[in-house]
Enquirer: 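Below you'll find the structure I mean.
The figures here come from the full heavy-atom set of this structure, side chains too, leaving out hydrogens, waters and symmetry mates. Numbering of residues begins at 1 and proceeds along the displayed sequence.
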Amino acid sequence: MKSSAAKHMSLLVLALALSLSCLGSSALAANETDPSSAALPPASGTMSEEEELAELSSVFMPIVKEGSDVVMGRKAKVGQACTAEYPPSSFPATEDGLVEMVENYTRCFSDKLGFPIATGYRGPLAEEEAIFTTHKPASNWTGISEGQLVPSGSVMKSFLGVAAFNVLNSTEGAVTWDTPMYPFVNRVLSRDFNTSLDELFDDKRIKDVTIQQLLSMESGLKDYSEDMAPEFIGYGPGNTQEASFTPIEYIDNMIQTWGNKLSCDPGTCYYYSSNGFAFAGMMLVDILGLDSWKDLDILELAFQSNPGLKSEFNNTVALTPNKLCSEYGQLPDGSNRVVNQWSENGTNLYDYDCLDGWAFGNLMIDAPDTASWFWHLYGLRDILGTEDVDLMLTPTNTSSTYGLASEVNAIQGQGKLNNRYSWAGHMGTDWGSSNSGAGLFMPNAKDNGKERAFALSLTQNDLSIHGEGDFAQTTSLTRASTVYLANAIIQLLEKNFEDS
């Protein structure tokens, strides 16, 4: 077994390797520094593990930080340019000024990134109704229309988390967050997919995984492989009506990719796993006594504790199995109800099955509804009670950036957010579209009266021209740009408070 210092050394070396891969040769030339030539501290048999770690950190951590700063700087270029073009101080601290700011920043981001962006804002100066603005570059883009649905992938995870709260609360303590998933999931696997957890996994620890660990990414499960994409595209138009990816196909792919054992004891490690949410969905199916996994209405369950609120979310849709994107129809202005979706090789997937991910990614939503969802959930807290929301927003012991079905402070890694604020939400990506900044920006200081929370969402649709390799990069650039818009909004809201 390695000593703790050796373990930390491994982590430092890994961080260094990641840093170097991000820096690239141009960054090394610009800095005239070769991190590989850094002098290691001399070996000493008299040093304690803590002293060894301190020595190692003194050598490697400045290099890692330098690499991180370079990457952050690259992602910040668009946000910095738009902030310079439209200084926050140039907008009046009013509702009209806020709308003008959001419009100008959205147009600037879209033009500089080269693809359509739609923005939703909900919060101070727009508490009754979300602000919506959209822009497309001067090209043959169709853009993102008001009311148009944007497949948003993992934003669905926040809805499933809320649904789980409501279902568990309905059991009056018979099922809790510490209840193992095993008997519930097994019954659904046996009935709907003719298998069981024991057949899928050669690991007794699978019996100990709880629903909280599933929704907190602490189950020890890994994720499916993105190699499934070509498999999906291979179905082709005409075959997709019977060829939706079912939950078990994602799980089978995970096992084929990573093996049939957990990566750790449940509750002792963090690993982003959408399949954990698939198992959580099966658990809810069994608790509710539903006839099939297809009968789980996550959106209905998410609004169960405040059903009157659901009527506000007219552009929030959980996809139906075996229904093509084109079958969702058109908007009054003639645009498609669902934004076009594209594969990494440019294949138009609009006539393909729109189902994607079931309990972990099966959501189409527009930017205003996204902002409103997180405004109500984390801000007004009128969807769940305060204690439940606090549980969602509390980072786990194994990750500083994930709570319960919620990303926590994750966007700070995309850009330098005002240090008086933090962020929580759940961003997501899909076939060529994404939902960036989907969450609530919150003041760190409580009850100071001056700094106020607000929700923001930037949806984009870009894969058709950028390809798979650039899609991850452009999504990252949009997320970083979102931070710059958030910082600008913070300045405007602060001035509004002072003026009032």
Side-chain angles (χ1 to χ4, degrees), residues 110 115-120 129-130 132-136 139-156 159 232-233 235-246 292 294-303 307 309-343 346-373 428-435 438 457-465:
S110 177
F115 49 79
I117 291 178
T119 301
E129 184 178 359
F132 171 79
T133 186
T134 183
H135 182 76
K136 67 185 182 74
S139 67
N140 60 351
W141 280 104
T142 57
I144 302 175
S145 302
E146 185 171 5
Q148 195 169 33
L149 300 175
V150 179
S152 295
S154 289
V155 177
M156 179 57 123
F159 285 87
F232 172 86
I233 295 163
Y235 287 149
N239 296 325
T240 52
Q241 293 278 3
E242 287 77 36
S244 296
F245 274 151
T246 64
S292 167
K294 296 180 182 180
D295 296 332
L296 183 66
D297 190 334
I298 295 171
L299 298 187
E300 188 70 28
L301 292 169
F303 290 103
L309 194 61
K310 190 179 180 184
S311 61
E312 183 179 321
F313 292 83
N314 296 316
N315 297 316
T316 302
V317 176
L319 290 79
T320 303
N322 309 124
K323 187 172 181 178
L324 308 184
C325 292
S326 57
E327 292 179 329
Y328 286 87
Q330 293 182 312
L331 294 171
D333 66 359
S335 59
N336 296 329
R337 177 73 164 130
V338 182
V339 297
N340 275 27
Q341 298 291 279
W342 306 81
S343 73
T347 301
N348 188 334
L349 301 176
Y350 190 63
D351 286 322
Y352 284 61
D353 196 315
C354 238
L355 181 71
D356 186 16
W358 187 49
F360 59 79
N362 192 35
L363 182 75
M364 298 190 294
I365 188 170
D366 68 358
D369 272 18
T370 305
S372 293
W373 167 251
T429 59
D430 214 290
W431 299 108
S433 58
S434 70
N435 202 323
S457 164
L458 270 68
T459 57
Q460 70 183 68
N461 191 225
D462 72 327
L463 187 55
S464 59
I465 61 168

Enquirer: Enter the distance from Asp333:CG to Gln148:CD here, rounded to the nearest 0.5 Å.
Expert: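 If we round to the nearest 0.5 Å, Asp333:CG and Gln148:CD are 8.0 Å apart.
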Enquirer: Measure from the side-chain N and O atoms of Ser152 to the backbone N and O of Leu363, and report whether any donor-acceptor pair falls under 3.5 Å.
Expert: no
Enquirer: For residues Val155 and Gly428, report the shortest heavy-atom separation together with the two atoms involved.
Expert: CG2-N, 3.8 Å
Enquirer: Please report the interatomic distance CD1(Ile144) to OG1(Thr133), rounded to the nearest 0.5 Å.
Expert: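 Going from CD1 on Ile144 over to OG1 on Thr133, the span is 11.0 Å.
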Enquirer: For Asp295 and Ser292, indicate whether the former's side chain and the latter's backbone hold a donor-acceptor pair under 3.5 Å.
Expert: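 Such a contact is found between Asp295 side chain and Ser292 backbone.
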Enquirer: Could you state the interatomic distance from CD1 (Ile117) to NZ (Lys136), rounded to the nearest 0.5 Å?
Expert: 14.0 Å
Enquirer: Return the minimal non-hydrogen interatomic distance between Thr429 and Ser434, and the atom names on each side.
Expert: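 Closest pair (atom of Thr429, atom of Ser434, distance): CG2-CB, 3.6 Å.
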Enquirer: Parallel, tilted or perpendicular: which fits the ring planes of Phe303 and Phe313, with parallel below 30° and perpendicular above 60°?
Expert: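 The arrangement is tilted - the two ring planes meet at 30° to 60°.
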Enquirer: Could you tell me whether the side chain of Arg337 and the main chain of Gly147 form a donor-acceptor pair under 3.5 Å?
Expert: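 Yes, Arg337 side chain to Gly147 backbone: donor-acceptor pair under 3.5 Å.
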Enquirer: Using side-chain heavy atoms (C-beta onward) and a distance below 4.5 Å, is Pro151 in contact with Val338?
Expert: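 Answer yes - side chains close enough.
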Enquirer: State, to 0.1 Å, how close Ile298 and Ala359 come at their nearest heavy-atom pair, and which atoms those are.
Expert: CD1-CA, 3.7 Å
Enquirer: Rounded to the nearest 0.5 Å, what separation is found between the OG atom of Ser372 and the CD atom of Glu312?
Expert: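 Between atom OG of Ser372 and atom CD of Glu312 there are 5.0 Å.
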Enquirer: Minimum heavy-atom separation for Ala118 to Phe132, with atom names?
Expert: CB-CE1, 3.8 Å
Enquirer: Tell me if a side-chain donor or acceptor on Asp297 pairs with a main-chain N or O of Glu300 at a distance below 3.5 Å.
Expert: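 Indeed, once roles are kept as given, a pair shorter than 3.5 Å links the two residues.
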Enquirer: Go through the structure and list residues passing side chain to side chain contact (heavy atoms under 4.5 Å, CB included) with Asn314, not counting sequence neighbours.
Expert: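 Listed in chain order: nothing, the list is empty.
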Enquirer: Atom CG of Asp369 and atom CG of Asn315: how far apart are they, to the nearest 0.5 Å?
Expert: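 Atom-to-atom, Asp369:CG and Asn315:CG are 5.0 Å apart.
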Enquirer: Can you name the nearest heavy-atom pair linking Leu301 to Leu296, along with the distance?
Expert: CD1-CD1, 3.6 Å
Enquirer: Is the backbone N or O of Ser433 less than 3.5 Å from a side-chain atom of Asp430, with the two atoms forming a donor-acceptor pair by type?
Expert: no
Enquirer: Specify the closest pair of heavy atoms between Ser457 and Ala371, including all atoms of both residues, with the distance to one decimal.
Expert: CB-N, 4.2 Å
Enquirer: Using atom types as modelled and distance alone, determine if a side-chain donor or acceptor of Ser110 lies under 3.5 Å from a backbone N or O of His135.
Expert: yes
Enquirer: Between CG of Asn435 and OG1 of Thr459, what distance do you get to the nearest 0.5 Å?
Expert: 6.0 Å
